Amino acid sequence: MKIIKKRLGRDFYLQPTLKAAKELLGKYIVHRLGGKRLVGKIVETEAYIGPQDKASHAYGGKVTKRNRAEYLIGGHIYIYLVYGMYWQLNISTGPEGRPECVLIRALEPISGYKNPKFKTLNPKQIQNSKFKIQNFPNGPGKLCRWLKLDKSFYGEDLTKSKRIWLEDRGEKISKSKIVASKRIGIDYAGKYWADKKWRYYIKDNPCVSKT
DNA sequence: GTACAGATTGAG
DNA sequence: TCAATCTGTACT
């Protein structure tokens, strides 16, 4: 059977942000680098819905040099540095001018991992294997390191870029496999916003970030 | 010009 | 539990 590989188009990113955050689970991110392709399956996401969301960088409708990519029409990359060390990959959603985005928090590595044995392992084997979890893209900072993403991807259009895009490979994550939970690391936003269950992940997937 | 905190991570 | 590490942002 032929595997379907369809690049996600603008319509996908124009869905309501919470829906897009859930739909992104099970989609594949592809970064073409040199002659290789780094490919990962998205297994964890978080939604940020400014300007009302106190945890969002666009809270209150704030526009800065850093966050302006959040306002782009759905399908653009908003990437920024936290703690002076780690890049965070976000994808803008919704129409132009509305600061909503989805943070990609974890991937299941599909190809590109330096150990070629890796791609033949299924998730259960990954969990049981002795491979160092250290280099896994199982966290927002580690994911960017694994995919080799940095500021040069700021504002990149995922529907048009020749080096990075998202694919639908015909995989459908059933509703019962999607878990909604509180977002991570945003307690400063206050209980109301910190308690919103806008983090989604694939149940039992070993590549979901540790909390 | 200067102070300051952060959508994390890994070591101790 | 805590330091690393640095840029954007806000304020003097």
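Because the structure is a prediction, the values reported are computed rather than measured. Numbered from 1 within each chain, the chains take letters A, B, ... in sequence-line order.
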Checklist entry - So, A/Glu46 and A/Arg183, do they make that salt bridge, N to O below 4.0 Å? => result no

Sequence neighbours excluded and cut-off under 3.5 Å, please list the side-chain donor-acceptor pairs for residues 80-91 of chain A, or say none.
from	atom 1	to	atom 2	distance (Å)
A/Asn90	ND2	A/Tyr78	O	3.2
A/Asn90	ND2	A/Gln88	O	3.4

Checklist outcome for this item: Rounded to whole Å, CH2 of A/Trp193 lies from C1' of B/dA7 at a distance of 15 Å

Item to check | Spacing of A/Glu44 atom CD relative to B/dA7 atom P, expressed in whole Å | outcome: 16 Å

Checklist entry - In whole Å, what separates the C1' atom of C/dC2 from that of B/dA5? => result 16 Å

Item to check | Separation of C/dA4 P from A/Lys142 NZ (nearest whole Å) | outcome: 20 Å

Item to check | Rounded distance in Å between the C1' positions of B/dG10 and C/dT7 | outcome: 22 Å

Item to check | Presence of salt bridge, A/Asp187 and A/Lys182, under 4.0 angstrom | outcome: no

Tabulate protein N/O versus nucleotide N/O from nucleotides 10-12 of chain C, keeping only pairs under 3.5 Å, one per line.
none

Item to check | Residue from A/Leu24, A/Ile104, A/Val30 passing side-chain contact (heavy atoms from CB on, under 4.5 Å) with A/Leu166 | outcome: A/Leu24

Checklist outcome for this item: The answer to which of A/Val82 and A/Lys151 contacts DNA chain C further toward the 5' end, by nearest nucleotide, is A/Val82

Next on the checklist: Does B/dA7 have OP1 or OP2 under 4.0 Å away from a side-chain N or O of A/Tyr86?
Outcome noted: no

Checklist entry - Rounding to a whole Å, what distance do you find between A/Arg145:CZ and B/dT9:C1'? => result 8 Å

Next on the checklist: What is the separation between atom CD1 on A/Ile77 and atom C1' on B/dA7, rounded to the nearest whole Å?
Outcome noted: 17 Å

Checklist entry - Out of A/Trp146, A/Phe153, A/Trp165, which residue meets the ring-ring contact (aromatic ring centres under 6.0 Å, His included) rule with A/His31? => result A/Phe153

Checklist entry - Would you say the side chain of A/Tyr188 and the base of B/dA5 hold a donor-acceptor pair, judged only by whether the two atoms sit under 3.5 Å apart? => result no

Item to check | Whole-Å gap separating P (B/dA7) and NZ (A/Lys182) | outcome: 16 Å

Item to check | Of the listed nucleotides B/dT9, B/dA7, C/dT5, the one nearest the side chain of A/Cys101 | outcome: B/dA7

Checklist entry - Using purine N1 to pyrimidine N3 plus N6-O4 or O6-N4 for Watson-Crick, or N1-O2 and O6-N3 for G-U wobble, both under 3.5 Å, which nucleotide pairs with C/dC11? => result B/dG1

Checklist entry - Which nucleotide, in any strand shown, forms a Watson-Crick or G-U wobble pair with C/dT5, with both distances under 3.5 Å? => result none

Checklist entry - Are any of the side-chain nitrogens in A/Glu167 or A/Arg169 under 4.0 Å away from the carboxylate oxygens of its partner? => result yes

Next on the checklist: When you compare the side chain of A/Ile29 with that of A/Leu143, does any pair of heavy atoms fall below 4.5 Å?
Outcome noted: no

Checklist entry - Could you state the CZ-P distance from A/Arg66 to B/dA7, rounded to the nearest angstrom? => result 7 Å

Next on the checklist: Contact between A/Ile110 and A/Arg37 at the side-chain level, heavy atoms closer than 4.5 Å - yes or no?
Outcome noted: no

Checklist entry - Reckon A/Arg105 has a side-chain N or O less than 4.0 Å from the OP1 or OP2 of B/dT8? => result yes

Next on the checklist: Nearest whole Å is fine: how far is B/dA7 P from A/Glu70 CD?
Outcome noted: 11 Å

Checklist entry - Looking for any heavy atom pair under 4.0 Å, which part of the strands does A/Lys54 touch: base, sugar-phosphate only, or nothing? => result nothing

Item to check | Proximity to the side chain of A/Ile184 - top-ranked nucleotide from B/dT9, B/dT8, C/dT7 | outcome: B/dT8

Next on the checklist: For a quick test of reading the model: is some side-chain N or O of A/Arg183 closer than 4.0 Å to OP1 or OP2 of B/dT8?
Outcome noted: no

Checklist entry - With a 4.0 Å cut-off on heavy atoms, is A/Gln88 in touch with a base, just the backbone sugar-phosphate, or nothing at all? => result sugar-phosphate

